[in-house]
Asker: 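This is the structure, below, for whatever I ask next.
Residues take their numbers from the sequence shown, with the count starting at 1.
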Amino acid sequence: MAEGHSKLDGPDLAQGIAFADLPEGGKLVGHCGDEQVLLVRRGAEVFAIGATCTHYGGPLADGLVVEDTVRCPWHHACFDLRTGEALRAPAFNSLACWSVEQRDDRIFVGEKRKRTAPKRRNGSSGQVPEKIVIVGGGAAGFAAAEKLRREHYQGSIVMLSNDKAPPVDRPNLSKDYLAGKAPEDWIPLRGESFYSKNDIDLRLNANVASIDARSGEVVLADGPRIPYDRLLLATGAEPVRLTIPGADQPHVHTLRSFADCKAIIERATTARRAIVLGASFIGLEVAAALRSRDIEVDVVAPEKRPMERILGPQMGDFIRALHEENGVVFHLEDTARSIDGKKVKLSSGDTLAADFVVAGIGVRPRTGLAETAGLILDRGVVVNAFLETSAPGIFAAGDIARWPDPHSGENIRVEHWVVAERQGRTAALNMLGHREKFVAVPFFWSQHYDVPINYVGYAAQWDEIAVDGDIAAKDCLLRFKREGRTVAAASIFRDIESLEAEVEMERQIT
């Protein structure tokens, strides 16, 4: 995350700039009072909005203007230039907007405009539900609840989470927060007052036993039944647990929840050595975070290259080299066989010593509730383009949902934070009867030391990887192609190109 600017950049926009200094389609950063302001020109119109993304503070001047919106270069949030509204996750807070006046061939920025609530959306079909229940307190569940209230929904919202904590910014748990670079108050997606203020009945430590689709009720494990008119299943995924001898010891951890992260941090305060099992994004982000705490890290994984299945061999070799440069020791094409105290025995016969172990060997979708409710499953909960399940009135979003992706032409399920948030918002609209198809291009980002990797699209398979730039120099964009068509793109410090690839994919719906 980025902290606020200590000094103001650019001209004083209240004093005005020459109209010629802002070419068509151009962006210019200045200040008005003590705030940074971004000017964007679209034809004869000029817009003045906050200069930094409300998600992690990305510089919108380095972003991409698409019609009457601007997209953040870091994590692809999108904002309305006219209203400042956050149109796409991972941003939820709107940007500030200022009035703009043009006179004597100059542009002047005036007063900050008063924030107004988004207008009520037209076109709802059917009766608006009185009771909506959301099962899950992660990205999709939170985004759905937030969107329902933003759309002026007046009915009851009950959010059932089996977590101990209110919805948190989970990507940060394996990145800056775990590394000790982010304060704890950055972690909640919203303060606890948000839920009471918006009349969202958030129930923590709530375990749902079953869904009675016939009566339209959710049955809690301790007995109560909660009626619904519309139900959103956003149960997410859970870590795959180790089954080897010694895996149940207290110094063996997984990372999914805020509590998991705190437990690892507490362990790390006195530890010298750690073993990470798995070379996934989560596993390697954990490794990077622990190295920033000066902990010696060994990574054990069965594959030949880290993340080759997702990013290909060249990027896999780069990621391995990057971690090795930062002191990580890899034990690839190997697995843990047993854990005996501080000794981890590997299948190769080697023995490693560690003060604690973090298992990042994958996750599996939590589909148990959907299965017992009789919903159609296919390695996830099957939904249509509107995120509806096979049962009327029941929707699914996030890590459990397998949806018809219009870009790849396949039914896909992905475990990406931004996808879950965007699906939660779409599900909210459709629970209100708006019939909006989910057509967003999948996106995720990963952070390894000072190297960010952005990935747009979906490529389970490819027959060509076209590399633009230099991977080793940390300046590249890789296009994953199938039959000549780009189906995904991964980039390092090629933010504009990543955004342009996203727009290109949006325009190629199958």
Asker: Please lay out, stage by stage, how Arg241 and Thr254 fare under the test side-chain hydrogen bond (donor to acceptor under 3.5 Å, both in side chains).
Answerer: CA-CA 8 Å; Arg241 304 288 173 177; Thr254 56; 3.0 Å; yes
Asker: Is there a donor-acceptor pair under 3.5 Å between the side chain of Arg482 and the backbone N or O of Gln461?
Answerer: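 Yes; judged by distance alone, with no hydrogens or angles, the pair exists.
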Asker: Can you see which heavy atom on Pro245 is nearest to which on Arg337, and at what distance?
Answerer: CD-O, 3.5 Å
Asker: Could you tell me whether the side chain of Thr367 and the main chain of Ala370 form a donor-acceptor pair under 3.5 Å?
Answerer: no
Asker: Check Arg256 with Asp399, please: is the shortest side-chain N to carboxylate O separation under 4.0 Å?
Answerer: yes
Asker: Just wondering, do Pro73 and Ile496 contact through their side chains at under 4.5 Å, heavy atoms?
Answerer: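 No, every pair of side-chain atoms sits at 4.5 Å or beyond.
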Asker: Apply the test salt bridge (charged side-chain N to carboxylate O under 4.0 Å, His left out) to residues Arg425 and Glu421: give CA-CA distance (whole Å), side-chain angles for both, the deciding distance (0.1 Å), then the verdict.
Answerer: CA-CA 6 Å; Arg425 285 181 160 185; Glu421 290 180 320; over 6 Å; no
Asker: How about Phe281 and Ile310: do any of their side-chain heavy atoms sit closer than 4.5 Å?
Answerer: yes
Asker: Any salt bridge linking Arg291 with Glu296? Criterion: basic side-chain nitrogen under 4.0 Å from a carboxylate oxygen.
Answerer: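 No.
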Asker: Testing the basics here: between Thr335 and Pro302, what is the closest heavy-atom pair and its distance to 0.1 Å?
Answerer: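 Closest pair (atom of Thr335, atom of Pro302, distance): CG2-CB, 3.9 Å.
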Asker: Under the side-chain hydrogen bond (donor to acceptor under 3.5 Å, both in side chains) test against Asp355, which residue among Arg272, His251, Lys342 passes?
Answerer: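 Per the side-chain hydrogen bond (donor to acceptor under 3.5 Å, both in side chains) rule, the option paired with Asp355 is Lys342, out of Arg272, His251, Lys342.
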Asker: I want to check something: taking the side chain as every heavy atom from C-beta on, are Arg479 and Asp468 in contact at a cut-off of under 4.5 Å?
Answerer: no
Asker: Salt bridge check: are Arg494 and Asp475 linked by an N-O gap of less than 4.0 Å?
Answerer: yes
Asker: For residues Arg364 and Glu238, determine if any side-chain heavy atom of one lies less than 4.5 Å from a side-chain heavy atom of the other.
Answerer: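 Yes; the side chains approach each other to less than 4.5 Å.
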Asker: So which atom in Pro313 and which in Ile465 form the shortest heavy-atom distance, rounded to 0.1 Å?
Answerer: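 The pair with the smallest heavy-atom distance is CD-CD1, 4.3 Å.
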Asker: Within a strict 4.5 Å, meaning less than it, do heavy atoms of the Leu178 and Leu173 side chains meet?
Answerer: no
Asker: Looking at Asp340, I want to see if its CG is surrounded by more than 12 non-hydrogen atoms of other residues, nucleotides or ligands under 6.0 Å.
Answerer: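 No, CG of Asp340 has 12 or fewer neighbouring heavy atoms, counting only those of other groups under 6.0 Å.
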Asker: Do side-chain atoms of Arg88 reach the backbone of Ala77 as a donor and acceptor pair under 3.5 angstrom?
Answerer: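 Judged by distance alone, no pair lies under 3.5 Å.
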Asker: Between Asp9 and Lys7, does any NZ, NE, NH1 or NH2 come within less than 4.0 Å of an OD or OE carboxylate oxygen?
Answerer: yes
Asker: Are the side chains of Leu284 and Val299 in touch, meaning some heavy atoms are under 4.5 Å apart?
Answerer: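 Leu284 reaches Val299 side chain to side chain.
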Asker: Indicate yes or no: does Arg320 engage Glu324 in a salt bridge with an N to O separation below 4.0 Å.
Answerer: yes
Asker: Below 4.0 angstrom, N of the basic side chain to O of the carboxylate: do Arg402 and Glu410 qualify?
Answerer: no
Asker: Should Glu333 and Lys304 count as an ion pair when the cut-off is N to O under 4.0 Å?
Answerer: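 Salt bridge between Glu333 and Lys304, a charged N being under 4.0 Å from a carboxylate O: no.
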Asker: Less than 6.0 angstrom from the centroid, inside 45 degrees of the normal: does Lys197 satisfy that with respect to the ring of Tyr195?
Answerer: no
Asker: Sub-3.5 Å donor-acceptor pair from the side chain of Thr52 to the main-chain atoms of Gly58, do we have one?
Answerer: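 A pair under 3.5 Å: no.
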Asker: Measure centre to centre between the rings of Phe444 and His75, then say whether the value is under 6.0 Å.
Answerer: no
Asker: Any ion pair linking Arg190 and Glu192 (charged N to carboxylate O, less than 4.0 Å)?
Answerer: no
Asker: For residues Phe47 and Trp98, determine if any side-chain heavy atom of one lies less than 4.5 Å from a side-chain heavy atom of the other.
Answerer: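 Phe47 vs Trp98: side chains apart.
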Asker: So among Glu502, His76, Glu500, which one has a side-chain hydrogen bond (donor to acceptor under 3.5 Å, both in side chains) with Arg71?
Answerer: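 Option passing the side-chain hydrogen bond (donor to acceptor under 3.5 Å, both in side chains) with Arg71: Glu502.
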Asker: Strictly distance-based, threshold 3.5 Å: is any side-chain N or O of Ser498 a donor or acceptor partner for the main-chain N or O of Ser491?
Answerer: no
Asker: Does Thr54 reach the main-chain N or O of Asn93 with its side chain, forming a donor-acceptor pair under 3.5 Å?
Answerer: yes
Asker: Report the residue from Ile132, Leu232, Val383 that forms a side-chain contact (heavy atoms from CB on, under 4.5 Å) with Phe395.
Answerer: Leu232
Asker: Does Asp450 form a side chain to side chain contact (heavy atoms under 4.5 Å, CB included) with Lys474? I'd like the steps, not just the answer.
Answerer: CA-CA 10 Å; Asp450 62 342; Lys474 306 171 187 176; 4.3 Å; yes
Asker: Going by distance alone, is a donor N or O of one side chain under 3.5 Å from an acceptor N or O of the other, for Glu504 and Thr486?
Answerer: no
Asker: Any salt bridge between Asp317 and Arg305, counting N to O under 4.0 Å?
Answerer: yes
Asker: May I ask you to decide if Ser348's main-chain N or O and Asp334's side chain share a donor-acceptor pair within less than 3.5 Å?
Answerer: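 Checking the backbone N and O of Ser348 against the side chain of Asp334, a donor-acceptor pair under 3.5 Å is found.
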Asker: Quick check: does any side chain N or O of Arg413 sit under 3.5 Å from a backbone N or O of Trp403, one acting as donor and the other as acceptor?
Answerer: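 Such a contact is absent between Arg413 side chain and Trp403 backbone.
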Asker: Begin from the C-alpha positions of Glu35 and Lys112 and carry the test salt bridge (charged side-chain N to carboxylate O under 4.0 Å, His left out) through to its verdict.
Answerer: CA-CA 10 Å; Glu35 295 185 79; Lys112 184 188 291 188; 2.7 Å; yes
Asker: Using modelled atom types and a 3.5 Å cut-off, is there a donor and acceptor pairing between side-chain atoms of Asp405 and backbone atoms of Ser408?
Answerer: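 Yes, because the side chain of Asp405 sits within donor-acceptor range (under 3.5 Å) of the backbone of Ser408.
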Asker: Might you point out which heavy atoms bring Gly246 and Gln249 nearest each other, and give the distance in Å?
Answerer: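 Answer, listing the atom of Gly246 first, then Gln249: O-NE2, 2.8 Å.
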Asker: Check Phe142 against Pro167 and note the closest heavy-atom contact, atom names and distance.
Answerer: CB-CB, 3.9 Å
Asker: Charged N to carboxylate O under 4.0 angstrom, Asp62 versus Lys27?
Answerer: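 Between Lys27 and Asp62 there is no salt bridge, as every charged N stays at least 4.0 Å from the carboxylate O atoms.
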Asker: Compare every heavy atom of Ala145 with every heavy atom of Met159, then report the nearest pair and how far apart it is.
Answerer: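 The pair with the smallest heavy-atom distance is CE-CB, 3.6 Å.
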Asker: Under the 3.5 angstrom rule, does the side chain of Thr83 hit a backbone N or O of Glu85 as a donor-acceptor pair?
Answerer: yes
Asker: Show me, pair by pair, the donor-acceptor contacts under 3.5 angstrom made by side chains of residues 264-271, not counting sequence neighbours?
Answerer:
residue : atom : partner : partner atom : Å
Arg267  : NE   : His253  : NE2          : 3.3
Arg267  : NH2  : Pro250  : O            : 2.8
Thr269  : OG1  : Glu266  : O            : 2.6

Asker: Determine whether Trp445 and Tyr455 make a side-chain contact, defined as any pair of heavy atoms from C-beta on separated by less than 4.5 Å.
Answerer: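 Sidechains of Tyr455 and Trp445: no contact.
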Asker: May I ask you to check whether Asp176 and Tyr56 show a side-chain donor-acceptor distance below 3.5 Å?
Answerer: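 There is no such pair (donor and acceptor under 3.5 Å, judged by atom type) between the side chains of Asp176 and Tyr56.
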Asker: Quick one: is the NZ or CZ of Lys181 closer than 6.0 Å to the six-membered ring centre of Trp186, and within 45° of its axis?
Answerer: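 Output no; distance or angle outside limits.
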